[in-house]
*Asks:* 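Dropping the structure in here first, questions after.
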Amino acid sequence: RAVAMAYEARNFFPDKHIWGTNEIIHNPVVNKNLNAKGINFIPVRDDGTKDFSVVNEGDVVLLPAFGASVDEMAYLKEKQVHIVDTTCPWVTKVWNSVEKSKDKGHTSIIHGKFDHEETIAT
């Protein structure tokens with residue numbers, strides 16, 4: 001689904017710069033093929049943070065299958081870019097469950113690697 005949406009974005013926005021906030025999925029061959037179609041990925045600095053300075057107003061930004069952080073979403077909204085959200089419905093389901101639990105006053109515990117994309121986005 002995410003890969004198809006990325007290719008559709010290239011077709012829908014043929015003359016726009018398209019950026020992915022991360023790999024679209026965990027598959028280097030797919031990401032290399034997207035790059036060959038002119039879909040670039042936000043560079044990562046030496047300290048591990050993303051260099052969003054390459055993104056300009058009006059550019060297209062693909063959110064990967066594993067989502068994006070709240071901070072990234074706020075920054076992209078402020079930057080006034082076109083967002084193509086390829087977030088996996090299963091990832092979204094987890095987010096919705098966390099929100100429902102929070103609304104009930106419960107605390108959610110996320111089991112995952114600290115710097116893994118899905119963990120960061122959740």
Side-chain angles (χ1 to χ4, degrees):
R1 175 181 176 268
V3 175
M5 290 176 74
Y7 282 118
E8 288 174 28
R10 173 76 300 167
N11 292 333
F12 192 79
F13 299 103
D15 300 324
K16 295 271 187 186
H17 287 110
I18 299 182
W19 299 96
T21 60
N22 276 318
E23 302 177 317
I24 202 75
I25 62 171
H26 298 302
N27 182 319
V29 173
V30 168
N31 293 304
K32 183 179 177 183
N33 291 340
L34 291 172
N35 196 254
K37 293 280 187 184
I39 297 173
N40 298 299
F41 297 97
I42 305 293
V44 178
R45 297 182 187 103
D46 290 338
D47 66 0
T49 61
K50 296 176 192 167
D51 182 7
F52 282 100
S53 68
V54 297
V55 180
N56 296 305
E57 182 177 329
D59 284 355
V60 177
V61 176
L62 300 173
L63 305 182
F66 31 82
S69 73
V70 172
D71 291 340
E72 288 176 356
M73 293 297 296
Y75 179 80
L76 294 170
K77 184 177 180 180
E78 181 181 304
K79 197 88 161 169
Q80 297 184 354
V81 299
H82 301 281
I83 293 176
V84 177
D85 187 353
T86 75
T87 304
C88 172
W90 292 104
V91 172
T92 305
K93 185 175 181 177
V94 171
W95 296 346
N96 291 336
S97 294
V98 168
E99 284 299 315
K100 286 178 185 174
S101 293
K102 184 178 79 173
D103 292 344
K104 294 178 183 175
H106 299 149
T107 300
S108 295
I109 298 173
I110 300 169
H111 177 77
K113 293 179 182 176
F114 174 77
D115 60 351
H116 199 249
E117 293 89 350
E118 286 92 336
T119 307
I120 294 168
T122 300

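Every heavy atom of this structure was used, including side-chain atoms; hydrogens, water molecules and symmetry mates were not. Note that the coordinates shown come from a computational prediction; the quantities given were computed from them, not determined experimentally.
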*Asks:* List for me each residue that meets side chain to side chain contact (heavy atoms under 4.5 Å, CB included) alongside F52, sequence neighbours excluded, and say none if there are none.
*Replies:*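 Result, side chain to side chain contact (heavy atoms under 4.5 Å, CB included) vs F52: T21, I42, K50, V55, E72, Y75, L76.
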
*Asks:* Any chain of hydrophobic side-chain contacts (each under 4.5 Å) joining F12 to V3?
*Replies:*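 Shared cluster, yes.
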
*Asks:* Rest of the hydrophobic cluster containing V44 (Ile/Leu/Val/Met/Phe/Trp/Tyr, side-chain heavy atoms under 4.5 Å)?
*Replies:*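 When side chains under 4.5 Å apart are linked, V44 ends up in no cluster with other residues.
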
*Asks:* Give the minimum heavy-atom separation between A6 and L34, together with the two atoms involved.
*Replies:*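 Smallest interatomic distance, heavy atoms only, reads CB-CD2, 3.8 Å.
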
*Asks:* How close do N22 and P64 get, heavy atom to heavy atom, and via which atoms?
*Replies:*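 Shortest heavy-atom contact: CB-CG, 3.8 Å.
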
*Asks:* Side-chain contact, heavy-atom cut-off 4.5 Å: M73 with L63?
*Replies:*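 Sidechains of L63 and M73: in contact.
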
*Asks:* Applying salt bridge (charged side-chain N to carboxylate O under 4.0 Å, His left out) as the test, list every pair that has at least one member in residues 74-84; sequence neighbours left out.
*Replies:*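 Found none.
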
*Asks:* Treating Ile, Leu, Val, Met, Phe, Trp and Tyr as nodes and any side-chain heavy-atom pair under 4.5 angstrom as an edge, say whether I83 and I18 lie in one connected cluster.
*Replies:*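 Cluster IDs for I83 and I18 differ.
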
*Asks:* Please tell me whether D85 and T87 have a donor and an acceptor in their side chains that are separated by less than 3.5 angstrom.
*Replies:*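 Side-chain D/A pair, D85 to T87: present.
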
*Asks:* Side chains of N35 and N40: closer than 4.5 Å at any heavy-atom pair?
*Replies:*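 SC-SC contact between N35 and N40 confirmed.
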
*Asks:* For D47, which residues count as a side chain to side chain contact (heavy atoms under 4.5 Å, CB included) partner, sequence neighbours excluded?
*Replies:*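 D47 satisfies side chain to side chain contact (heavy atoms under 4.5 Å, CB included) with R45, T49 once adjacent residues are dropped.
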
*Asks:* For N56, what residues pass the side chain to side chain contact (heavy atoms under 4.5 Å, CB included) criterion, not counting sequence neighbours?
*Replies:*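 Testing N56 for side chain to side chain contact (heavy atoms under 4.5 Å, CB included), a comparison that skips the adjacent residues, returns D59.
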
*Asks:* Kindly write out the residues that satisfy ring-ring contact (aromatic ring centres under 6.0 Å, His included) with F13, not counting sequence neighbours, or none if the list is empty.
*Replies:*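 F13 satisfies ring-ring contact (aromatic ring centres under 6.0 Å, His included) with H82 only.
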
*Asks:* Quick one: which of V29, V30, N31 gives a side-chain contact (heavy atoms from CB on, under 4.5 Å) with N33?
*Replies:*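 It is V29, the one option of V29, V30, N31 that forms the side-chain contact (heavy atoms from CB on, under 4.5 Å) with N33.
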
*Asks:* Do any pairs count as a side chain to side chain donor-acceptor pair (under 3.5 Å) and have a residue in residues 3-14, sequence neighbours left out, and if so which ones?
*Replies:*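 Counting only pairs at least two positions apart or across chains, no side chain to side chain donor-acceptor pair (under 3.5 Å) contact touches residues 3-14.
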
*Asks:* Please determine whether residues V60 and I39 belong to a single hydrophobic cluster, defined as Ile, Leu, Val, Met, Phe, Trp and Tyr linked transitively by side-chain heavy-atom distances below 4.5 Å.
*Replies:*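 Shared cluster, yes.
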
*Asks:* Please give me the minimum heavy-atom distance between I24 and A2, naming the atom from each residue.
*Replies:*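 Answer, listing the atom of I24 first, then A2: CG1-O, 4.0 Å.
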
